[in-house]
Participant: 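Just dropping this structure here.
These numbers come from the heavy atoms of this one structure, side chains and all, not from hydrogens, waters or symmetry mates. Below, read A as the first sequence line, B as the second, and so on, with proteins coming before strands; counting in each chain starts at 1.
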Number of protein chains: 2
Amino acid sequence: MSTPCHPNRTQRLPHLSVDNIVFGIIDGKLNVLIAEYNEGDAKGKKGLLGGWIGIEEDIDDAAKRLVSAITGEQDFHMEQLRAFGAPDRFHLDRVITIAYYTLVRPENYSFHAGFTADDVRWYPADGLPTLIYDHNQLVDAALEQLKRKIRFEPIGFNLLPEKFTLRQLLEVYEAILGIKLDKPNFRRKILKMNLLVDCKEKQKGVTHRAANYYRFDPVVYEKLCEHGFNFEF
Amino acid sequence: MSTPCHPNRTQRLPHLSVDNIVFGIIDGKLNVLIAEYNEGDAKGKKGLLGGWIGIEEDIDDAAKRLVSAITGEQDFHMEQLRAFGAPDRFHLDRVITIAYYTLVRPENYSFHAGFTADDVRWYPADGLPTLIYDHNQLVDAALEQLKRKIRFEPIGFNLLPEKFTLRQLLEVYEAILGIKLDKPNFRRKILKMNLLVDCKEKQKGVTHRAANYYRFDPVVYEKLCEHGFNFEF
DNA sequence: GCAAAAGTGTTTCCACTACACCCATGG
DNA sequence: CCATGGGTGTAGTGGAAACACTTTTGC
């Protein structure tokens with residue numbers, strides 16, 4: 001619940017916190033960013049990136065701040081999940097938390113020791129340790145939401161580098177949905193949407209036929225959204 | 001922001017409120033329950049059912065309490081939408097609100113004058129008056145969520161009486177989605193899901209062929225959920 | 001019989017599936 | 001040449017869209 005860069009106690013809203021479930025793909029597997037707290041009442045324990053809300057701070061900004069402090073980036077896909085407010089979710093005080101989830105590209109940066117007040121590292125989404133408070137429950141809810149959302153919006157692209165192969169994209173879907181997909185059919189379906197732009201560039205140094213690189217086209221996406229479309233696989 | 005049955009000021013959580021967007025179908029059209037406040041700083045103005053959260057109260061319970069106070073019922077479909085927390089959304093103080101939406105069956109009850117501290121009445125969802133604070137924005141977000149959700153879960157049934165005709169169900173979908181549907185195709189699709197149980201009972205006193213009554217089967221629904229299914233029309 | 005809405009049948013089309021097959025590259 | 005993964009072809013299936021048609025009821 002404590003965090004780097006948090007407003008000091010007198011400047012924060014009481015009884016309220018934000019927690020951010022940060023997802024990233026590592027070696028084709030879905031991972032979650034977990035902190036080991038170095039201060040506060042949860043010192044030595046593991047949990048989500050979390051913090052307080054400044055007295056004049058937008059709640060979305062508070063949630064973003066947590067991620068920026070770790071990655072140094074400002075630009076990532078983040079959405080509010082919902083508020084969690086069971087009276088007994090935090091034993092020392094009544095605290096309602098507003099949970100967010102974020103999709104990042106882990107290959108863009110590495111975490112330096114001492115970069116923040118807490119140690120952060122990736123854990124596979126299907127092999128998380130026991131977290132403080134109700135944080136395991138928050139992760140479960142975020143995973144569920146991610147699975148639902150990926151079926152109707154192309155949020156999967158936010159987990160990949162700008163240029164990616166169709167196999168990488170397929171693996172994102174497989175990792176999140178937890179199912180095997182048929183490669184040829186996936187390929188045809190995603191290409192027919194015209195959401196991908198051919199980079200005219202191929203993999204190098206691979207020991208098999210080089211795959212083509214594609215990138216996501218946000219303009220086409222806007223148009224498609226008008227009519228509504230379907231990402232189910 | 002003030003409400004009937006709210007905990008008094010010393011017992012509530014500061015800087016936090018709940019607001020509930022209550023939907024009901026009236027004459028085949030989607031309506032929203034709007035209060036005209038009789039007390040507090042918003043006296044005389046219109047807005048959503050809202051209130052405070054007791055210091056030991058679950059946030060879901062706080063949101064339910066608002067609806068029960070009006071309808072007298074305990075059993076209705078309610079879900080959290082999300083938290084709204086722009087610093088300037090309420091001019092007098094910093095208040096973050098947790099928004100819920102609820103589906104009710106208006107034919108089950110009528111509102112008595114004096115039943116609550118506020119006057120409440122239905123307004124068509126597409127013809128709402130200007131509401132206080134960001135409440136119009138909350139309604140828009142709830143409508144959007146409702147449209148999304150109805151495509152994958154049979155929540156539409158919560159707006160209908162226990163026994164209903166297929167036309168009534170069709171009209172719920174049309175009212176929420178804002179589109180015209182083909183009756184024969186709708187009929188086949190919904191019946192093939194086996195979600196409806198034939199009541200072996202027909203309309204009476206209508207000036208045309210009497211429609212059959214059906215009811216929703218929650219047991220079949222549970223089974224269908226396992227595999228995931230699709231309510232898109 | 002007529003109007004109105006319930007309910008059925010039928011055709012067309014397109015999208016998803018499953019799986020066989022060919023292509024490019026490094027070793 | 002082989003192994004590996006990239007990428008294409010194709011037959012079969014099922015569901016959705018469109019719309020013509022038949023049935024039941026009150027007046």
Participant: Listing request: all ring-ring contact (aromatic ring centres under 6.0 Å, His included) pairs with a residue in residues 158-184 of chain B, at least two apart in sequence or in separate chains.
Facilitator: B:Phe157-B:Phe164, B:Tyr173-B:Phe186, B:Tyr173-B:Phe233
Participant: Hey, does the side chain of A:Lys183 come within less than 4.0 Å of D:dG5's phosphate (OP1/OP2), counting only N and O?
Facilitator: no
Participant: Is there a side-chain polar atom (N or O) of B:Arg167 under 4.0 Å from OP1 or OP2 of C:dA6?
Facilitator: yes
Participant: Nearest whole Å is fine: how far is C:dA15 P from A:Ile190 CD1?
Facilitator: 15 Å
Participant: Side chain of B:Ala211: nearest nucleotide among C:dT25, C:dA6, C:dC16?
Facilitator: C:dA6
Participant: Respond yes when some side-chain nitrogen or oxygen of B:Arg187 is under 4.0 Å from OP1 or OP2 of C:dG7, and no when none is.
Facilitator: yes
Participant: With distance as the sole criterion, do the side chain of B:Asn212 and the base of C:dA6 form a donor-acceptor contact below 3.5 Å?
Facilitator: no
Participant: Return the nearest nucleotide to the side chain of B:Arg209; candidates are C:dA4, D:dG5, D:dT24.
Facilitator: D:dT24
Participant: Could you tell me how far apart B:Leu191 (CG) and D:dA16 (C1') are, to the nearest whole angstrom?
Facilitator: 16 Å
Participant: Rounding to an integer number of Å, can you tell me how far B:Gln203 CD sits from C:dA4 P?
Facilitator: 16 Å
Participant: Determine whether A:Asp19 and A:Phe84 make a side-chain contact, defined as any pair of heavy atoms from C-beta on separated by less than 4.5 Å.
Facilitator: no
Participant: In residues 137-147 of chain A, what donor-acceptor pairs under 3.5 Å come from side-chain atoms, sequence neighbours left out?
Facilitator:
residue	atom	partner	partner atom	Å
A:Glu144	OE2	A:Arg148	NH2	3.4
A:Gln145	OE1	A:Arg148	NH1	2.9

Participant: Looking at B:Glu79 and B:Lys149, does any basic side-chain N land under 4.0 Å from a carboxylate oxygen?
Facilitator: yes
Participant: To the nearest Å, give me how far apart CG (A:Leu181) and P (C:dC19) are.
Facilitator: 15 Å
Participant: Could you give the CG-to-P distance, from A:Asn185 to C:dA20, as a whole number of Å?
Facilitator: 13 Å
Participant: Is A:Arg188 side chain donor-acceptor paired with the D:dT10 base, going by distance under 3.5 Å alone?
Facilitator: yes
Participant: Atom CG of B:Leu196 to atom P of C:dA6: distance rounded to whole Å?
Facilitator: 15 Å
Participant: What is the distance, to the nearest angstrom, from the CG atom on A:Asp198 to the C1' atom on D:dG7?
Facilitator: 13 Å
Participant: Measure from the side-chain heavy atoms of B:Asp182 and tell me the nearest of D:dA18, D:dG7, C:dA6.
Facilitator: D:dA18
Participant: Pick the closest DNA chain C nucleotide for A:Lys192 and for A:Lys202 by heavy atoms, then say which residue is nearer the 5' end.
Facilitator: A:Lys192
Participant: By nearest atom, which of the nucleotides C:dC16, D:dC19, D:dT25 is closest to the A:Lys189 side chain?
Facilitator: C:dC16
Participant: Using atom OH of B:Tyr213 as one end and atom C1' of C:dA6 as the other, report the distance to the nearest whole Å.
Facilitator: 13 Å
Participant: Does any donor atom in the side chain of B:Asp60 or B:Tyr100 lie under 3.5 Å from an acceptor atom in the other side chain?
Facilitator: yes
